[in-house]
Amino acid sequence: MNMKVFVGSITHCEDIQEAILTITEITYTYEGKQGLNMVFSCEEPNEKRAVRVIKDKLKTLPQLGGVFYNVTPGY
């Protein structure tokens, strides 16, 4: 099953995209933008894990301190 994860942000989009694509636990594929959301797909069957891995990765980026972003699952 191919799940989609939507990551919404109005700033630091390039940093967020690059960070997500470097995650090794789950392989994410960037599919483009949908409105203000960047759309990524992955083969992870557990949507909570797919979202958590992204959130954990983004928390490690100092340039995102104080930046609002939203990570949500979708299909």
Side-chain angles (χ1 to χ4, degrees):
M1 175 187 292
N2 200 1
M3 187 182 77
K4 299 206 184 298
V5 179
F6 300 99
V7 182
S9 180
I10 57 172
T11 61
H12 295 282
C13 292
E14 296 81 19
D15 293 333
I16 292 171
Q17 180 182 340
E18 184 179 314
I20 292 171
L21 294 176
T22 63
I23 294 172
T24 57
E25 283 179 66
I26 300 172
T27 301
Y28 295 92
T29 304
Y30 180 66
E31 295 192 352
K33 301 243 336 169
Q34 182 178 345
L36 292 176
N37 290 311
M38 292 173 278
V39 181
F40 295 88
S41 63
C42 67
E43 295 294 325
E44 173 60 48
N46 183 334
E47 68 181 37
K48 288 182 181 182
R49 181 172 183 263
V51 168
R52 174 57 44 205
V53 168
I54 290 175
K55 286 181 177 181
D56 289 348
K57 176 66 175 185
L58 296 181
K59 285 180 189 175
T60 67
L61 302 177
Q63 65 268 38
L64 295 184
V67 172
F68 176 77
Y69 54 85
N70 187 31
V71 182
T72 56
Y75 293 91

Ignoring hydrogens and geometry, is there a side-chain-to-backbone donor-acceptor pair from N37 to V39 under 3.5 Å? no

Consider only side-chain heavy atoms of I, L, V, M, F, W and Y, link residues closer than 4.5 Å, and tell whether L36 and I54 are in one cluster. no

Would you call R52 and R49 a side-chain contact if the rule is heavy atoms closer than 4.5 Å? no

Y69 pairs by side chain to side chain contact (heavy atoms under 4.5 Å, CB included) with which of I16, T11, I10? I16

Looking at side-chain heavy atoms only, is the closest gap between N2 and E43 below 4.5 Å? yes

Provide the closest heavy-atom pair for M3 versus G74 in the form atom of the first, atom of the second, distance. CG-O, 3.5 Å

Distance-minimising heavy-atom pair for T22 and A19: OG1-O, 2.8 Å

Can you tell me how far apart CZ (F40) and NZ (K4) are? Round to the nearest 0.5 Å. 12.0 Å

Under a 3.5 Å distance rule, please check whether Y28 uses its side chain to pair with a backbone N or O of A50 as donor and acceptor. yes

May I ask you to check whether over 12 heavy atoms, not counting those of Q63, lie within 6.0 Å of atom CD? yes

Tested for side chain to side chain contact (heavy atoms under 4.5 Å, CB included) against V7, the lone hit among N70, V51, V71 is V71

With rounding to the nearest 0.5 angstrom, report the CE to CG distance, M38 to L21. 10.0 Å

Assess whether atom CD of E31 is packed by more than 12 heavy atoms of other residues, nucleotides or ligands within 6.0 Å. yes

Using a strict 4.0 Å threshold on nitrogen-to-oxygen distance, state whether E25 and K57 make a salt bridge. no

